[in-house]
Amino acid sequence: MVNKIEHIGIAVKNIDDANVLFEKLLGVPSYKMETVETENVVTSFFQTGTNKIELLMATNPESAIARFLEKKGEGIHHIAFDVEDIQAEITRLKNEGFVLITDVPKKGADNKLVVFLHPKNTNGVLVELCQEIK
Ligand code: ZN
């Protein structure tokens with residue numbers, strides 16, 4: 001079962017500038033910055049109430065974020081849903097005909113196991129499933 005929206009991911013060109021902007025917008029500073037080497041991204045997290053925003057900046061041109069920025073420019077990159085059991089969700093969604101970008105969950109930012117669904121099956125929205133690592 002898919003729980004609440006865990007966060008919304010936003011692709012940015014310059015994370016320092018975006019941190020300043022989002023701090024002004026939300027009235028709270030980023031509570032965590034984290035580099036995910038395997039994804040070639042730097043992330044920054046903001047929390048307001050139960051809502052979470054993840055800013056993502058590419059660390060090199062090989063990054064999926066770099067390719068996204070090239071194609072679409074800055075903006076909403078993905079929506080992440082919190083799941084209890086990511087493996088069970090992968091199996092369930094594959095049986096429903098969804099295509100995953102990677103079949104095996106990877107360690108993402110913010111202490112999560114993550115997988116992404118291919119946006120071609122999700123109305124153009126890149127969907128992330130994330131399960132907290134306990
Ligand atoms: Zn995310």
Side-chain angles (χ1 to χ4, degrees):
M1 195 184 80
V2 170
N3 296 324
K4 61 172 186 158
I5 290 177
E6 214 286 328
H7 62 268
I8 294 174
I10 298 175
V12 302
K13 287 182 186 156
N14 182 313
I15 205 149
D16 295 323
D17 292 350
N19 271 339
V20 171
L21 186 133
F22 273 83
E23 181 170 348
K24 276 187 208 161
L25 178 70
L26 302 173
V28 290
S30 165
Y31 70 88
K32 183 194 312 201
M33 283 188 76
E34 189 179 343
T35 300
V36 185
E37 303 284 353
T38 52
E39 297 296 319
N40 303 306
V41 294
V42 183
T43 62
S44 176
F45 287 90
F46 290 80
Q47 177 118 34
T48 56
T50 57
N51 303 309
K52 224 153 100 182
I53 300 285
E54 173 187 35
L55 304 180
L56 303 119
M57 179 182 80
T59 54
N60 69 52
E62 301 307 304
S63 166
I65 295 299
R67 293 197 299 273
F68 179 89
L69 287 170
E70 240 169 66
K71 261 198 247 169
K72 298 189 173 171
E74 293 184 300
I76 292 179
H77 177 256
H78 65 268
I79 296 180
F81 292 99
D82 176 60
V83 298
E84 295 278 312
D85 181 345
I86 200 164
Q87 210 55 62
E89 282 308 305
I90 289 169
T91 303
R92 183 180 72 83
L93 291 170
K94 277 176 142 181
N95 286 338
E96 294 283 2
F98 289 94
V99 175
L100 283 89
I101 291 177
T102 54
D103 282 352
V104 180
K106 287 199 271 189
K107 181 150 181 352
D110 206 25
N111 196 41
K112 301 274 196 290
L113 282 175
V114 304
V115 287
F116 288 91
L117 304 187
H118 200 289
K120 75 178 176 189
N121 304 116
T122 51
N123 296 89
V125 178
L126 180 61
V127 172
E128 175 186 340
L129 303 178
C130 57
Q131 176 194 328
E132 187 157 15
I133 300 169
K134 287 175 186 158

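These numbers were taken from a predicted model, which means no experiment stands behind them. Just follow the structure's listing: the first ligand is 1, and inside any ligand the first atom is 1.
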Q: Is there a path of hydrophobic side-chain contacts, each under 4.5 Å between heavy atoms of I, L, V, M, F, W or Y residues, that connects Val41 with Ile76?
A: no
Q: Indicate if the distance from the Zn ion (ligand 1) to the nearest N, O or S atom of Glu54 falls below 2.8 Å.
A: yes
Q: Any N/O/S atom, side chain or main chain, of Asp110 closer to the Zn ion (ligand 1) than 2.8 Å?
A: no
Q: Within rounding of 10°, what is the angle whose vertex is the Zn ion (ligand 1) and whose arms end at NE2 of His7 and NE2 of His78?
A: 110°
Q: May I ask you to say whether Glu70 pairs ionically with Arg67, meaning some side-chain N is under 4.0 Å from a carboxylate O?
A: no
Q: Using only heavy-atom distances, determine whether the side chains of Glu54 and His77 contain a donor-acceptor pair under 3.5 Å.
A: no
Q: Can we say Glu6 and Lys112 salt-bridge, meaning some charged N sits less than 4.0 Å from an Asp/Glu carboxylate O?
A: yes
Q: Can you name the N, O or S atom of Glu128 that is closest to the Zn ion (ligand 1)?
A: OE1
Q: Take the angle between the ring planes of Tyr31 and Phe45 and call it parallel below 30°, perpendicular above 60°, tilted in between.
A: tilted
Q: Quick check: does Cys130 have an N/O/S atom under 2.8 Å of the Zn ion (ligand 1)?
A: no
Q: Of the backbone and side-chain N, O or S atoms of His77, does one lie nearer to the Zn ion (ligand 1) than 2.8 Å?
A: no
